[in-house]
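FYI, the numbering just counts along the sequence from 1. Counting starts at 1 for both ligands and their atoms, following the listed order. All values reported here derive from a predicted model rather than from experimental measurement.
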Amino acid sequence: MAKVAINLSTGSLQQEEIIVGIDLGTTNSLVAYIHPDTRHPLAINDQGRGTIVPSIVHFPAGQDPIVGTEAREYLLTDPQNTIYSVKRLLGKSYQDLGTHAADLGYKVIDDNSEGLVKIRVGEKFYSPIELSAEILKELRARAEHALKTPVNKAVITVPAYFNDSQRQATRDAGRLAGLEVLRIVNEPTAAALAYGIGLSPDEEKTVAVYDLGGGTFDISILRIQQGIFEVLSTNGDTYLGGDDLDRAIINHWAGEYQLATVLFQNAEAQQQLRLLAEQAKRHLSTNDSFEAAFGDTRLPLTKAKFNELVQPLVDRTIASCRQALADAKLTQKDLDAVLLVGGSTRVPLVYDSVSAFFQQPANNTLNPDEVVALGAAIQADILAGNRRDVLLLDVTPLTLGIETLGGLMDPIIPRNSKIPTKAGRQYTTSVDGQVNLKISVYQGERDLVKENRKLAEFDLRGIPAMPAGLPKVDVNFILNADGILKVEAIELRSNTRQEVEIKPQYGLTDEQVEQMLMDSLTHAREDVSARMVIEARTVAEQMLYQVERFVAKNGQHLTPEEITQTTAGVDKLKQALTTQDKDTILKAVDELEELTRPFAERVMNISISQAMAGKKIL
Ligand code: AMP
């Protein structure tokens, strides 16, 4: 039931809008919402039909398409008009599909191999977006029917590895189904939310999400920090899932009981055997042995035999886990939790293998079929503003950045970025042996920091002395949902680190923000020319520093004449620097460079030959 509120200004009753969470899966889809009384996420079970809606669309001749369990019945009797696994085609070209197009029971076509695929059903062509929209329409209808209220907004989940075009296609499918898609959320993120991870702003966790469904396998490693979910790595196999476990059983039975001829001739027998295999697999998740009749043949299967059959498939998933962990540069000990998603994680061998590999019991307390949809519902609730205490999603009104050489603003988080957000960039030192790096944080749209608002300044101290340009300093901006900015600087070679926390909006009124934006527009031209002068000056100062250092170190390899010429060039550049004319400065830079290049090369050759002779350079 939806909550009803009274609008105080009009005195009318208004129904609180429901935003649903949708797991649009390859084999199965679900829709969930937050129950207004319990505040718990709940998968919708309309008219007792179950929460799972198979992602299958059947087109009966001359009638509206049907979706779900009823459509599945036609997979065998009318495969050409029954579309499954459409998620595999979303946002893809025929070229992307490669040989996999031939495996599908329906016709995938394209006249232009780089264009997006279409599917032929009878005389009509459908895009994967339209077909996904049919599934979403069914989910929407079920939600509206069960909740007795219109449903126009949704959060939809996608695999973490989905690219932009696949995400956009998912969004379009939602729109086509009459849903405003408020957010596309990564499936592992949704799973973590369902497990309550990431709901507290101070929480810092690293989790692995192992998702073995009907036809796909994904492993994702996530880091959750201040309500920001960062995907550290993903791995998996888009053609490995529960269907393969079923196939392993079928092959075993077919070999053991000479069923090959029967199966070859009879599509119905194939389907029957497939269903028996799935039944056996499910039964063995909670029992030690299974037996069924297939015509006159008895088909037994023990759990031990089943484990032996599927072990190679499970091993493949574990190899992916190992790779994902390595890509995230983590070890098992760094993980706070391992979450299980997808119906196939009910197989005890899967549970045991995953727990053994990650060296901790995997978490499977939530229904693995529902967990992604439940998490999507929580994200929807957050967006509806019902968990303001948890995460306030907003945008940052002004650009945040740091000062770089010459007083220039280097933007790190551009204005209008959704928050919470995280961004960073790498810097280095400009002087040899520099052990401190001043980091000045600014807010504003102007090119020169002096025109922007300074938020904070701090020193990263204790950088080991190294030649200029060698230290690698990562500066990260973490802007949390409350608009609080944390800036951290880390020197990667020595792992020296420093951080400060800043409230960027503090003290800025809307009018001030507007004024700063106006200023950035009116001063745009001035800013550009000032920026060019500063950049030229920076180049010149770097050049002077390099040349003076070079002469000091390598003076013995230069003739007195060369030294006099260089000194003259240096003086000329210093003179140019007293002007504010970028062309004069750059001309003097070029001249000095011309002058010094020949002996710089000569000294380099001397150093190389010394190194070849086994001596140390410098
Ligand atoms: P999903 O795509 O996440 O809905 O997963 C569906 C897959 O989970 C199918 O291959 C099912 O056969 C499998 N599955 C569901 N329940 C069980 C179970 N109790 N034991 C083993 N596999 C199951």
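Asn28 ND2, 2.7 Å is the protein heavy atom nearest to atom 4 (O) of ligand 1. At the top of the distance list for atom 16 (N) of ligand 1, counting protein heavy atoms only, stands Arg346 NH1, 3.1 Å. Atom 6 (C) of ligand 1 has as its closest protein heavy atom Gly214 N, 3.7 Å. Scanning the protein heavy atoms around atom 22 (N) of ligand 1, the nearest turns out to be Lys281 CE, 3.5 Å. Among all non-hydrogen protein atoms, the one lying nearest atom 11 (C) of ligand 1 is Glu278 OE2, 3.4 Å. The protein heavy-atom contact nearest to atom 21 (C) of ligand 1 is Ser285 OG, 3.4 Å. Counting protein heavy atoms only, atom 23 (C) of ligand 1 is closest to Gly343 O, 3.4 Å.
At a threshold of 4.5 Å between non-hydrogen side-chain atoms, the residues Ile44 and Leu42 do not count as touching.
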Practice problem: Decide yes or no on salt bridge (Lys or Arg N to Asp or Glu O under 4.0 Å) for Asp334 and Lys329, but give the supporting numbers first. | Solution: CA-CA 10 Å; Asp334 299 315; Lys329 300 192 172 55; over 6 Å; no

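Counting only distance, with no hydrogens or angles, the side chain of Glu70 and the backbone of His58 share no donor-acceptor pair below 3.5 Å.
Interface of Gly213 with ligand 1, defined as ligand atoms under 4.0 Å from a residue heavy atom, comprises 1 (P), 2 (O), 3 (O), 5 (O), 7 (C). Close contacts of ligand 1 with Val347, meaning ligand atoms under 4.0 Å from a residue heavy atom, involve 21 (C). Counting the atoms of ligand 1 from 1 in the order shown, those under 4.0 Å from a heavy atom of Gly342 are 3 (O).
For the residue pair Arg282/Asn287, the side-chain donor-acceptor check at 3.5 Å is not satisfied. No donor-acceptor contact under 3.5 angstrom links the side chains of Asp327 and Ser233, judged on distance only.
Taking a cutoff of 4.0 Å between a charged side-chain nitrogen and a carboxylate oxygen, Arg346 and Asp369 qualify as a salt bridge. Ion pair Arg175/Glu130 not flagged as a salt bridge, since none of the NZ, NE, NH1 or NH2 atoms sits closer than 4.0 Å to an Asp/Glu carboxylate oxygen.
Heavy-atom distances between Gly241 and ligand 1 stay at or above 4.0 Å for every pair.
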